[in-house]
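Heads up: the structure comes next, in structure tokens.
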Amino acid sequence: EIHYDNLVQDQKNQTLALLKFCELDWEENCLTFYKTKRIVNTASSVQIRKPIYKDSLKSAKKYKKEINYRSYNT
């Protein structure tokens with residue numbers, strides 16, 4: 001299990017843990033995935049061309065009360 005917050009704050013170690021779980025070898029390109037020239041045919045094709053950024057962590061905080069409320073009242 002990988003939490004997005006942890007991945008954003010510690011990309012290398014979280015990626016290493018994921019690769020170990022999947023029994024895959026480490027490559028430096030894992031940290032610069034956004035530089036790939038391969039074709040990406042997914043809904044996130046624009047996002048995959050950008051490095052991981054921390055801005056979204058801040059934006060989710062304003063919904064914390066609503067998220068916690070819903071998770072306890074469903």
Those residues that, when tested against [X], pass side-chain hydrogen bond (donor to acceptor under 3.5 Å, both in side chains) (two or more places apart):
| X | answer |
| --- | --- |
| Asp10 | Asn13 |
| Tyr34 | none |
| Glu23 | none |

Exercise for review: Could you pull out all residues at least two apart from Asn29 that satisfy side chain to side chain contact (heavy atoms under 4.5 Å, CB included)?
Suggested key: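 Result, side chain to side chain contact (heavy atoms under 4.5 Å, CB included) vs Asn29: Glu27, Thr32.
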Exercise for review: Please name all residues satisfying side chain to side chain contact (heavy atoms under 4.5 Å, CB included) with Ile2, sequence neighbours left out, ordered by chain then number.
Suggested key: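 Partners of Ile2 by the side chain to side chain contact (heavy atoms under 4.5 Å, CB included) criterion, ordered by chain and then number, come out as Leu7, Gln14, Leu18.
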Check your understanding: Under a 4.5 Å cut-off applied to non-hydrogen side-chain atoms, are Trp26 and Leu31 in contact?
Key ->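 Trp26 reaches Leu31 side chain to side chain.
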**Study point:** Atom pair NE2 (His3) and CD (Gln9), whose distance is rounded to the nearest 0.5 Å
**Key:**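 These two atoms lie 12.0 Å from each other.
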Check your understanding: Are Leu16 and Tyr4 co-members of a hydrophobic cluster defined by side-chain heavy atoms under 4.5 Å apart?
Key ->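 No.
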Check your understanding: What residues join Ile39 in its hydrophobic cluster, counting side-chain heavy atom gaps under 4.5 Å, either direct or through other members?
Key ->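 None; Ile39 is a cluster of one.
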